[in-house]
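Throughout, a chain's letter reflects where its sequence line sits, starting with A, and its residues are numbered from 1. Small disclaimer: the values here were computed from a predicted structure and weren't measured.
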Protein chains: 2
Amino acid sequence: MSDRPIRVLVADDQTVVREGIVMLLGLLPGIEVVGAAADGEEAVRLVERYGPDVVLMDLRMPRCDGVEATRRIRTAHPATEVVVLTTYADDESLFPALQAGARGYLTKDAGGEEIARAIADVRSGAAGLSPQVQRRLLERLSAAPAGPAELPDGLTAREAEVLALIADGLSNTEIAQQLFVSPATVKTHINNLFAKTAVRDRAQAVAYAFRHGIRRNS
Amino acid sequence: MSDRPIRVLVADDQTVVREGIVMLLGLLPGIEVVGAAADGEEAVRLVERYGPDVVLMDLRMPRCDGVEATRRIRTAHPATEVVVLTTYADDESLFPALQAGARGYLTKDAGGEEIARAIADVRSGAAGLSPQVQRRLLERLSAAPAGPAELPDGLTAREAEVLALIADGLSNTEIAQQLFVSPATVKTHINNLFAKTAVRDRAQAVAYAFRHGIRRNS
DNA sequence: GGGGCTCTCCACCTGCGGGTGGAGAGCCCC
DNA sequence: GGGGCTCTCCACCCGCAGGTGGAGAGCCCC
C-alpha cells in the first residue's frame with residue numbers, strides 16, 4: 001500500500017492527550033509524526049510548514065476551533081487530509097466538521113489500531129469514519145428523502161393533497177380535474193391552507209411544501 | 001460484545017458465490033449461517049422463517065432485486081439488519097440500497113475479516129460501510145448543502161438571482177426593490193428564465209429552484 | 001339533537017402575474 | 001466598427017390567482 005511512512009500532524013489543546021497520541025502513533029509502523037499543535041491556528045501554520053499527509057484534529061480548541069482549522073487546511077492544502085479525533089460525536093460537532101472537509105471522524109475511545117486504520121484509509125483516498133458516525137450519516141441520508149412527515153400546522157389531508165399538487169406546478173383547474181372536484185373547491189382548500197401555513201401565494205406555498213417534504217403519495 | 005453467535009442469512013443468485021460465502025462465514029467465530037437464498041423473494045421468505053440478525057445481500061438478483069428485498073425486510077422486520085455485498089459500488093446501486101435501509105455496504109473484494117467486522121458493527125447498532133462507500137457519503141453530504149451549483153439551462157447570473165428571490169416567495173415589486181431595478185425589468189428576467197427553464201409560472205419556478213439548489217448567495 | 005369539523009360548491013371583485021413587442025445602453029470579441 | 005449578449009425599461013392586454021362571504025351535506029362526538 002504505502003512504502004514511505006504517512007506523515008501525520010497532531011492537533012489537540014490538552015498537553016497530556018496530545019503527547020499521548022504522539023507517543024501512541026510513534027509506535028505504529030508506517031506512521032511518522034511530523035509535528036504537534038496546541039490550537040487551530042498553530043495547526044494551520046504547521047500544516048503550511050510541514051505539509052503533512054494527514055492531520056489528526058481535536059475539535060474543541062482555543063483561538064481557532066477544529067472545524068475552522070479543518071476548513072482552512074482543506075481549502076489551502078487539499079492534499080492534506082483531516083481526521084477528527086474528539087471526545088463526543090454529537091451532531092453539532094459531527095456534521096460541521098465533515099462539511100468542512102474532514103474525511104475521518106473518530107471518538108477518543110478508539111484504539112491505536114483503529115486510528116491507524118482510519119489514517120491509512122484516508123490517505124489512500126477513502127474515508128475513515130467510526131461505525132457510529134457512519135450510522136449517523138445513513139440516518140441523515142434517509143431522513144431527508146424518506147420523510148415520514150406529519151402534516152404540520154393543522155393541515156387536513158385534503159389540503160396537503162392540494163398543496164402537493166401545487167408544488168407539482170399544477171394550476172387550479174388542473175388540480176380540480178386531478179381530484180375530480182370543482183375549481184371552486186380547489187380555491188377554497190387553497191385559501192384555507194394559505195391561512196394555516198401563513199403563506200401569501202402559491203410560490204410561497206411551493207417553498208413551504210418543499211421545506212416540509214410534502215410531496216405526492218404522502 | 002456478543003456471547004451468542006450472530007445469525008446470518010446469505011442472499012446471492014450465483015450458487016458458487018453463495019456457497020463460498022456460506023463456507024467463509026461458517027469458519028468465522030461468532031457467526032452462524034442460518035440460511036441461504038438465491039433471489040430476493042426467497043430472502044424475504046427466509047427472513048420471515050428464521051428471523052436472522054443480519055442478511056448479507058447481493059444486489060443484482062432475479063425476481064426481486066436486492067434493493068426491493070432490503071426495503072421489504074427492513075419494513076417488515078426492523079430487527080433484522082441488512083449488509084449489502086455486491087460487485088460494484090456505483091452510485092445507482094449504492095444510494096438506493098442505503099435509502100432502502102441497508103446499514104452496511106461492502107464490495108466483493110472485501111476479505112472475510114472485513115465482512116465479519118461489518119456484520120458485528122451492524123449488529124451492535126452501528127454501521128459497516130467500506131471506506132470507499134464512506135467517502136461517497138461524505139461527498140454527497142457536502143454536495144447538497146455546499147452546492148457549488150453550475151447555473152443550469154443557460155441561465156444568466158441575474159436570472160438566477162431573480163429565480164432565487166422568487167423561490168423566497170417575493171412578489172415582482174419586492175424583487176424589484178431588492179435589486180434596485182424597475183418592476184418591468186424583473187418581469188423581463190422572469191419571462192426569460194421561464195422560457196429557459198421551461199416552466200409556466202412562478203410556482204413551477206420555485207420547484208425548479210429547489211430541485212436545482214438555486215438559493216440566495218449562490 | 002346540537003355543535004364542530006371537513007369537504008363540497010357558488011358568485012363577485014380586484015389585481016398581480018404572465019405574454020408580446022419593442023428599444024436603448026454597456027460589454028466583449030472578432 | 002459590427003455583431004452578439006446581457007441588463008435595463010416601457011406599453012398594452014388578458015386571464016387566472018387570490019380574497020370575501022355565504023351555504024349545504026356528511027361525519028363524529030358529546
Figure out the [atom1]/[atom2] separation between [X] and [N], and round it to whole Å.
X: B:F180; N: D:dC9; atom1: CZ; atom2: P; value: 13 Å
X: B:N192; N: C:dT20; atom1: CG; atom2: P; value: 12 Å
X: B:E159; N: D:dC7; atom1: CD; atom2: P; value: 6 Å
X: B:H189; N: C:dG19; atom1: NE2; atom2: P; value: 16 Å
X: B:K196; N: D:dC5; atom1: NZ; atom2: P; value: 10 Å
X: B:L193; N: C:dG19; atom1: CG; atom2: P; value: 11 Å

Note, B:D53 side chain near B:R4 side chain (heavy atom, < 4.5 Å): yes

Contact check, side chains of A:D12 and A:K108, non-hydrogen atoms, under 4.5 Å: yes

Any donor-acceptor pair under 3.5 Å linking the side chain of [X] with the backbone of [Y]?
X: A:R135; Y: B:G125; answer: yes
X: B:D168; Y: B:L170; answer: no
X: B:N192; Y: B:A195; answer: no
X: A:T70; Y: A:G101; answer: no

Just the atom pairs and distances: protein N or O near nucleotides 16-18 of chain D's N or O, under 3.5 Å.
| unit_1 | atom_1 | unit_2 | atom_2 | d |
| --- | --- | --- | --- | --- |
| D:dA17 | OP1 | A:N172 | N | 3.0 |
| D:dA17 | OP2 | A:N172 | ND2 | 3.2 |
| D:dG18 | OP1 | A:R202 | N | 2.7 |
| D:dG18 | OP2 | A:R202 | NH1 | 3.1 |
| D:dG18 | N7 | A:K187 | NZ | 3.0 |
| D:dG18 | O6 | A:K187 | NZ | 2.3 |

Minimum heavy-atom distance between B:E159 and B:L193, given as atom pair plus value: O-CD2, 3.4 Å

Angle between terminal axes - the helix from C:dG1-D:dC30 to C:dC30-D:dG1, 5 pairs each end, rounded to 10°: 50°

Spacing of CG belonging to B:L85 relative to CG belonging to B:L106, to within rounding of 0.5 Å: 6.0 Å

Straight-line distance of A:F194 CZ to A:Y208 OH, nearest 0.5 Å: 12.0 Å

Presence of salt bridge, A:E68 and A:R71, under 4.0 angstrom: yes

Please enumerate all protein N or O atoms sitting under 3.5 Å from an N or O of nucleotides 22-25 of chain D, with distances to 0.1 Å.
none

Short side-chain N/O contact to C:dC5 OP1/OP2 from A:T156, under 4.0 Å: no

Nucleotide of C:dT8, D:dC7, D:dC10 approaching B:S182 most closely (side-chain heavy atoms): D:dC10

Sugar-phosphate only, base, or nothing, as touched by A:T185 at under 4.0 Å among non-hydrogen atoms: base

Criterion side-chain contact (heavy atoms from CB on, under 4.5 Å) against A:V47, the qualifying member of A:V82, A:V55, A:V34: A:V55

